[in-house]
Amino acid sequence: MGLLDKLSGWLGLKKKEVNVLCLGLDNSGKTTIINQLKPANVSVFCPLSEEWKHVSQTQAQEIVPTIGFNIEKFKSSSLSFTVFDMSGQSRYRNLWEHYYKESHAVIFVIDSGDKLRMVVAKEELDTLLNHEDISSRKIPVLFFANKMDLRDAMSSVKVSQMLCLENIKDKPWHICASNAIEGEGLQEGLDWLQGNVSVQYIE
Amino acid sequence: MSDSSSDGGKWLDAHYDPVAGLYTFSSCVDLADLSGDGESRLVVGDLGSGLSGMKLKVYRGTALMSESTLLDLPAGLVAFFMDLHEPRIPAVAVASGPCIYVYKNLRPYFKFTLPGLEVNTLEQDVWQQAREGQIDPLTLKEMLESIRKKADISLSVRSLRFLSLDTSDMDEFVQLHKQQPVRRQTVITCIGTLKKSTADEDGVSCLVIGTESSNIYILDPEAFIILYKMSLPAAPTLMDVTGQFDVEFRITVACRNGNIYILRRESDKPKYCIELSSHPVGLVRVGKNVVVGCTDESLQGFTQKGKKLWRTVLPAPIITMATMDLPTRGFQAVLVGLANCEVQLYREKNLLSTIKTPDVVTSICFGRYGREDGTLIMTTKGGGLMVKILKRTAVFDDRDSAPGPPLAQSVRLNVPKKTKLYVDQTLRERENGLAMHRAFQMDLSRLRLAAAKAYVKALESSLTPMSSSLTEPLKMNAVVQGLGPSFKLTLNVQNTAACRPVMNLAISFLYDENLYRMKCSYMRIPLLVPGLVYPVETFVECTSDKGISDIIKVFILHEGKSSPLLTAHINMPVSEGVTLN
């Protein structure tokens, strides 16, 4: 994988752009995760193209509930990610499906401490996977079992059991335990996503 | 989900703990953001076993967050904002006995006690004498009994308790209590909240309490003084409050006399009264209307002025009721917990959905729990806790599962306007009603007379071939067949008695011998079994060729009696042929 990445980077001179959809219930930590993945320092950043100039590409200091959605950009070693950070509030969840078509990967964030709303997360996940724009495609789905720092948080195995992830047979998926505030577990997930999106591209 | 078949897949089963040990009613359950972090908690006044184990419990998500012991059985529990301090954290008021215990940050904060009632002076004197040792417990009992019988002001709880004691326990009771002054205290039966001056979600609220002494008090949220007092004809049991104290408010109370009273700001007496045919067991407000559940297994809707709008019959007795209000979707309905382990959802009189539960639901609470707006929380008779979340995609259709009259029934018919003729006629009927009735009665009498006359005439001429004799009730009809000159005469004879057979009968014919010839003009009839029809056949030959006909008379005779039982005249048809000789 690493060799291929380097090759593609050298040959293409420009990193491949992938659209990633970041979904999950409200207060699960989507914006915090995306914020952690963005570069911390302004000087490192260079704009990728003119039309993305308006997008904030550095870490925000304070995270507030997202209204509608945010578009964020960041780069990994081989790919350039454009992330649609969707609002998880129930009144905005009907916006999600409009972005399914253009996305190359899905990040689904779960609040591991919220046992009560695990059914709601499962319901939204099932709706997502059964949607015509998703069910027909073999796009990778990355799950973050977030908020592992909470005392009553469930393990990633327990979360995957409650969401019945073993039933997803036609898509590559991966679940990572994470703590978005500290940034733990995020890189592992991103590496997996990078590998799977790349595989899809090469195919 | 698993129970999608029963409720149309509208609810997600978020949590069910059948052994949560929560024994409570809808009046003792509330949802509030008790820590100001945007997550609502479930606050429950647990009745425990009814004698002990009363607790104030707070749930967060699926877990019990805190519990504190209550001193007495809770009658009601509300969360309300009592001040404007930041962060905006609501206080919890628990009504039990004559007191309201206010908790802030889940710590006891204030205790409000209702003012005592007037004590009977006679009763006071009697206890005074008992304290001074002038009278013994038996005399005390006698005197209290007599006071109880005639006094307008009822006795204090202490005296009533004393009267119910055995003679052996009396002395001890008097020794224990005689030093304290006699007090008469009422108890709280229901509690509600009323916004003080703004309709905001987090506006400061007054407490509204109903008492056993048939009063309603409105309390100031900060100073806990009585702002307003209203009186009712009976003790209130259920209450609903709407509006703002400083602007206009409306308190709807269901009382123990089976009536519902509507109180308003201006007067301290009920403004409207709804008299129900059976006792109310649930009272909730939906928009501007009031929905009442009654003991006769019915749900009734009323306007805020007490006008009845609709009534619908439920499949089982009502256990509890709650409003389902979802402002983000503009949805309002009533949840009704039934004794047959169902929770039904009604919008107006239409059944929208039914949720089957594993146990009888004793309390229902719908609102924002945790971060989810449409959460339904139920506790069961066995102490279970059930949390369901309304699906984001759930849609409730009117009449989707309600069997009832077709829609066409409610379409208004195009009734033509009243014509002048119709109006004149109505006017005439109204003015001359008496004369018209008399005329009708006279005509009716005449008709009856005419009918009776015709009947008598028929009887006298024995035209009807029916015997009126009690011992041999007979019926006969005759059929003439043939074109002539030979006719077949069939007489169908029937014994109409209930069970007695008729014997020794004979038939005889009387005819003009110049015209007709008969083989035998006298026949014996066999025994007639009741109910059966016996055809008696004979042949008649017409001997005349002049084309004329006559009557043949038939007599049914009893042997040994000269007068016939039955007579019939048979009009013979004209013979169309001639006898061949």
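What you are looking at is a predicted structure, and each value in this text was computed from that prediction instead of being measured. Chain letters run A, B, ... following the sequence lines, proteins first, then strands; residues in each count from 1.
At a 4.5 Å heavy-atom cutoff, Arg329(B) makes no contact with chain A through either its backbone or its side chain. Interface remark: Arg392(B) contributes side-chain atoms only to the contact with chain A (heavy atom separation under 4.5 Å). Of the two parts of Asn94(A), the backbone and the side chain both hold a non-hydrogen atom closer than 4.5 Å to a non-hydrogen atom of chain B.
Cation-pi geometry between Arg347(B) and Phe396(B) is not satisfied (NZ or CZ under 6.0 Å from the ring centre, within 45° of the ring normal). For the pair Lys38(A) and Phe74(A), the cation-pi criterion (under 6.0 Å, within 45° of the ring axis) is not fulfilled.
Scanning both residues, Glu166(A) and Gln161(A), for their nearest heavy atoms gives OE1-CA, 4.5 Å. Counting all heavy atoms, side chain and backbone alike, Val157(A) lies closest to Ser160(A) at O-OG, 2.8 Å.
Of the residues considered (Lys115(A), Arg93(A), Gln89(A), Arg91(A)), Arg93(A) shows the highest number of contacts with chain B, using heavy-atom pairs under 4.5 Å. Per-residue counts of heavy-atom pairs under 4.5 Å with chain A were compared for Glu39(B), His15(B), Glu372(B); the largest is that of Glu372(B). Highest contact tally toward chain B, considering only Asn27(A), Asp26(A), Asp114(A), is held by Asn27(A) [criterion: heavy-atom pairs under 4.5 Å].
Side chains of Thr31(A) and Thr66(A): a donor on one and an acceptor on the other come within 3.5 Å. When only modelled atom types and interatomic distance are considered, Ser178(A) and Asn146(A) share a side-chain donor-acceptor pair under 3.5 Å. A side-chain donor-acceptor contact under 3.5 Å links Ser26(B) and Thr320(B).
Between Arg368(B) and Asp373(B), at least one side-chain N (NZ, or NE/NH1/NH2) sits under 4.0 Å from a carboxylate O, which counts as a salt bridge.
The interface of residues 179-190 of chain A with chain B, defined by heavy-atom distances below 4.5 Å, is empty.
Taking the six-membered ring for Trp and the full ring otherwise, Tyr99(A) and Phe84(A) have centroids separated by under 6.0 Å.
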